[in-house]
Amino acid sequence: MSDNFETNAIRIQSQRSHFDEHSTPLYLTSSFVFEDAEDMRASFAEEKSKNLYSRFSNPNVNEFTEKMVNLEGAEAGYSFATGMAAIYSTFAALLSSGDHIVSCQSVFGSTHTLFTKYFPKWNINTTYFKAEDAANVEQLIQPNTKILYLETPTNPAIEVLDLEFFGKIAEKHNLIFVVDNCFATPYLQQPIKFGAHLVVHSATKLIDGQGRVLGGVTVGKGDLIREIYLFARNTGPAMSPFNAWVLSKSLETLAVRVEKHCENALKVAEFLENHPKVEFVKYPFLKSHPNYETAIKQMKMGGNIVAFEVKGGIEGGRNFLNRIKMCSLSANLGDTRTIVTHPASTTHSKLSEEERNEVGITAGLVRCSVGLENVDDIIQDLKQALG
Ligand SMILES: *Cc1c(COP(=O)(O)O)cnc(C)c1O
């Protein structure tokens, strides 16, 4: 194994079969065979590390997981069918009734639903803090707090939280520090370097990067992953070998893709910042971003998501979307294709204006997941839609 990200993302590979294939084949098999009774006994007793059944492990899934473990600088990992399966299983494996979570308020929608609708059924409660109140987060920690959770950059307000600061708080209070690193990918940011114990991902986004398959993964400390693995092997949220095969191939190009996504996104952000119909732009690597110093400390580049406020409120945002010609109106992000969404009239339309403002979703806020098309074409489309 190399010290370099790109090389490991390409060269980590499951053992070659006797066909000497160059590229890893697809192991579409639900189970594996044993030589004799003793081989089978020892394998089930975990005295041998053999694949038994694809709910537990599979060569394609192992290859993808091993790459993610390496790229995040983790000890171990387990891959899941979706990002939400990774997030749910991570909490469910580690928490008991009566435990408490402290989390940043801007989290992915389904994560918010877990915290507010499902976990309370099992007497697991969550206290939120706003990104701008991060300095006071210690006041929210209770004797039963077990997990400190956050995403950075956040969605869709694109706030950047200081991983080093939260890593120290987690250490001081003996909390398990879990980071959803979906927006940055390990190419831009490795939370474990700043004290995270576990990193969760939706591999559906930039890791696949081409809008094809769903996937999730949790990597981190070996003892915690062991608990998560045992929970998962018995409850069944495993990643499919086919998706793992696609995603492992995707990782081979993650560095070049993310680099180009970020270059394009910075150009889009700079264009928008100078446009008279745009009230403000939020992009981590713009000097005008309130958390710019934190962003350049912990991120290699600014990511591919640009948020901006179109003048004219809800109608302004809706009109902008209606005039878009090339970019896609879609709920995904981190795709080769540029995607624009208007949260206030779609994903967050059921919230009151006050609730939306709480999570940084102003009336004319547009979220743009900048793709890999020629950046001149992306800018041209946004320009004509701004009118
Ligand atoms: C999409 C997403 C998830 C959920 O992942 P799925 O693969 O859709 O289940 C979790 N966190 C973040 C930040 C996401 O963008």
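Whatever order the structure lists ligands and atoms in, that order sets their numbers, starting from 1.
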Take Glu159 and Lys282, measure what salt bridge (charged side-chain N to carboxylate O under 4.0 Å, His left out) needs, and give me the verdict at the end. CA-CA 8 Å; Glu159 300 141 327; Lys282 291 281 281 295; 5.6 Å; no
Pairs under 3.5 Å, nitrogen or oxygen of ligand 1 with protein nitrogen or oxygen:
unit_1	atom_1	unit_2	atom_2	d
ligand 1	5 (O)	Ser202	OG	3.0
ligand 1	7 (O)	Gly83	N	2.9
ligand 1	7 (O)	Ser202	OG	2.9
ligand 1	7 (O)	Thr204	OG1	2.6
ligand 1	9 (O)	Gly83	N	3.1
ligand 1	9 (O)	Met84	N	2.9
ligand 1	11 (N)	Asp180	OD2	2.7
ligand 1	15 (O)	Lys205	NZ	2.7

How would you list, by chain and number, every residue that makes a side-chain hydrogen bond (donor to acceptor under 3.5 Å, both in side chains) with Thr362, sequence neighbours excluded?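 side-chain hydrogen bond (donor to acceptor under 3.5 Å, both in side chains) list for Thr362, sorted by chain: Glu309.
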Whether the side chain of Arg233 engages the backbone of Phe56 through a donor-acceptor N/O pair (distance < 3.5 Å, no angle test) should be reported.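 It does not hold such a pair.
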Which atom pairs, donor and acceptor, lie under 3.5 Å between side-chain atoms of residues 263-273 and protein residues at least two apart or in another chain?
unit_1	atom_1	unit_2	atom_2	d
Asn264	ND2	Gly371	O	3.0
Asn264	ND2	Glu373	O	3.2
Glu273	OE2	Ser288	OG	2.6

Which residues satisfy the salt bridge (charged side-chain N to carboxylate O under 4.0 Å, His left out) test with Arg41, sequence neighbours excluded?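 Here the qualifying residues are Glu38, Glu47.
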Should the pair Lys249-Glu252 be classified as a salt bridge under the 4.0 Å nitrogen-to-oxygen rule?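 So Lys249 pairs with Glu252 through a salt bridge.
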